[in-house]
Amino acid sequence: MAFIYWPMCRLLQARVPTKFLPPTVSVPHRAGTLLMDWLGIREGTTVGVAMGDMQCSVYAAQPSHTDAVLNIGTAAQIVIIYTDHSLRSNQLSRQSLTDVPYFSGDYAKVAASLSGGNVIATFVSMLQGWLGALGIDHKMIGDADIYERLVACGAEKWDTTLCVDPVWWGERHTPEAKGSVTNMTGDNMTFSDWCGALHRGIIQNLSKMMPEEVLLEHKIERLLGSGRTLHKNTLLQRHVTSTFKRPLVLREDVDAPLGAAMAVSKLCVD
């Protein structure tokens, strides 16, 4: 069974009134049934216990134990599902990884980054600010056109020698971290170089948080991709396969509400 318990010592230190916390159970788990018709839902419908948003999003992708789920939306995360309790991460040596309960007694190993699609959005905003400072009305170029050009230009220099580490908001395990641009030369500061380096930096940051030795330890063979930013950005997809050296399989319409519905529907079948 998964390690399902409240971290009482930490909660008490934070003076959280633990007497109000509900008991924990392995999910999916039946909490009861609906006592009356409600908003078009029939009386007697199965009600499941509350489940984690991240866990439900991953569940919707239906990964096997040799898959890692990569989601890039506003932020980014990569998740591995496993059963063996001995594979839990050492929090001292791998602070970027968190192990949490998953469904049916399994565990989820999570590298959750603050740097995803928001990095690209911030870069676009910066470009628009520069255009305004030069007296050019950036509204003449639609946002969709700018994003399209970022991907196209970045593809021309996808292996640029320019290096961008886009952790502009730090990370949860290193909140003091700052973004950086290194290895600048007179030959690698074109717009295409910047676009290529920025996209690569997002994926390389994830690979630092979920390093190759962890993927090998869990025998990961492929990545299941989800999230609007990843789906729409072919340059990010290219850097994923290049950096992680595994095939990327995109999953459509994968989100937490779908995963929650799929999990609870198993209770109805069982």
Q: Before giving the answer on ring-ring contact (aromatic ring centres under 6.0 Å, His included), spell out for Phe103 and Tyr59 the whole-Å C-alpha distance, their side-chain angles and the decisive distance to 0.1 Å.
A: CA-CA 8 Å; Phe103 292 94; Tyr59 190 80; 4.6 Å; yes
Q: Using modelled atom types only, decide if a donor and an acceptor are shared between the side chain of Arg200 and the backbone of Thr160 within a distance under 3.5 Å.
A: yes
Q: Please lay out, stage by stage, how Thr45 and Trp38 fare under the test side chain to side chain contact (heavy atoms under 4.5 Å, CB included).
A: CA-CA 10 Å; Thr45 298; Trp38 180 65; over 6 Å; no
Q: Looking at Trp158, does the NZ or CZ of Arg238 lie under 6.0 angstrom from its six-membered ring centre and within 45 degrees of the ring axis?
A: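 The answer is yes; both the distance and angle limits are met.
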Q: Would you kindly say whether Ser57 and Asp255 are connected by a side-chain donor-acceptor distance under 3.5 Å?
A: no
Q: Can you tell whether the side chains of Glu212 and Arg246 come within less than 4.0 Å, N to carboxylate O?
A: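 Salt bridge: yes.
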Q: Is it true that Arg149 and Glu156 make a salt bridge, defined as a side-chain N closer than 4.0 Å to a carboxylate O?
A: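 Salt bridge: no.
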Q: Counting distance only, does the side-chain N/O of Gln77 pair as donor-acceptor with the main-chain N or O of Val110 below 3.5 Å?
A: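 Judged by distance alone, no pair lies under 3.5 Å.
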Q: Other than Leu12, what residues sit in its cluster of Ile, Leu, Val, Met, Phe, Trp and Tyr side chains whose heavy atoms are under 4.5 Å apart, directly or through others?
A: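 ILVMFWY cluster around Leu12 holds nothing else.
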Q: How close do Val79 and Ala108 get, heavy atom to heavy atom, and via which atoms?
A: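 That closest heavy-atom pairing would be CG1-CB, 3.9 Å.
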Q: Heavy atoms only: give me the nearest Val164-Ala197 pair and the separation to one decimal.
A: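 For Val164 versus Ala197, the nearest heavy atoms are CG2-CB, 3.6 Å.
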Q: Is Ser207 reaching over with its side chain to a backbone N or O of Gln204, donor-acceptor style, under 3.5 angstrom?
A: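 Side chain of Ser207 to backbone of Gln204, a donor-acceptor pair under 3.5 Å: yes, one is there.
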Q: Can you see whether Arg30 engages Thr46 through a side-chain donor-acceptor pair at a distance of less than 3.5 angstrom?
A: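 The criterion, which ignores hydrogens and geometry beyond distance, is satisfied for Thr46 and Arg30.
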Q: Is the closest side-chain donor-acceptor distance between Asn188 and Thr161 under 3.5 Å?
A: yes
Q: Does a side chain donor of either Ser64 or Thr66 reach within less than 3.5 Å of an acceptor in the other side chain?
A: yes
Q: Does a side chain donor of either Asp99 or Tyr82 reach within less than 3.5 Å of an acceptor in the other side chain?
A: yes
Q: Grouping I, L, V, M, F, W and Y whenever their side-chain heavy atoms are under 4.5 Å apart, do Val264 and Val25 come out in a common cluster?
A: yes
Q: Please report the closest heavy-atom contact between Glu171 and Ser113, naming both atoms and the distance.
A: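 Result for this residue pair: OE2-OG, 2.7 Å.
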Q: Between Met126 and Val151, is there shared hydrophobic-cluster membership here, with clusters defined by ILVMFWY side-chain heavy atoms closer than 4.5 Å?
A: no
Q: With a 3.5 Å cut-off and no angle check, do the side chains of Thr74 and Asn118 form a donor-acceptor pair?
A: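 No.
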Q: Donor-acceptor check, side chain of Lys232 to backbone of Leu230, threshold 3.5 angstrom: yes or no?
A: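 No; zero donor-acceptor contacts below 3.5 Å.
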Q: Looking only at heavy atoms, what is the nearest atom pair of Phe123 and Trp168, with distance?
A: N-CZ3, 4.4 Å
Q: Will you find, in the side chains of Asp143 and Gln128, an N or O donor that is under 3.5 Å from an N or O acceptor?
A: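 Yes, Gln128 and Asp143 have a side-chain donor paired with an acceptor closer than 3.5 Å.
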Q: Would you find a donor on one side and an acceptor on the other, under 3.5 Å apart, between the side chain of Gln55 and the backbone of Pro101?
A: yes
Q: In the hydrophobic clustering (ILVMFWY, side-chain contacts below 4.5 Å, transitive), which residues join Trp6, or is it alone?
A: Met8, Leu11, Val16, Leu21
Q: Output yes when Asp37 and Arg42 qualify as a salt bridge under the 4.0 Å nitrogen-oxygen rule, no when they do not.
A: no
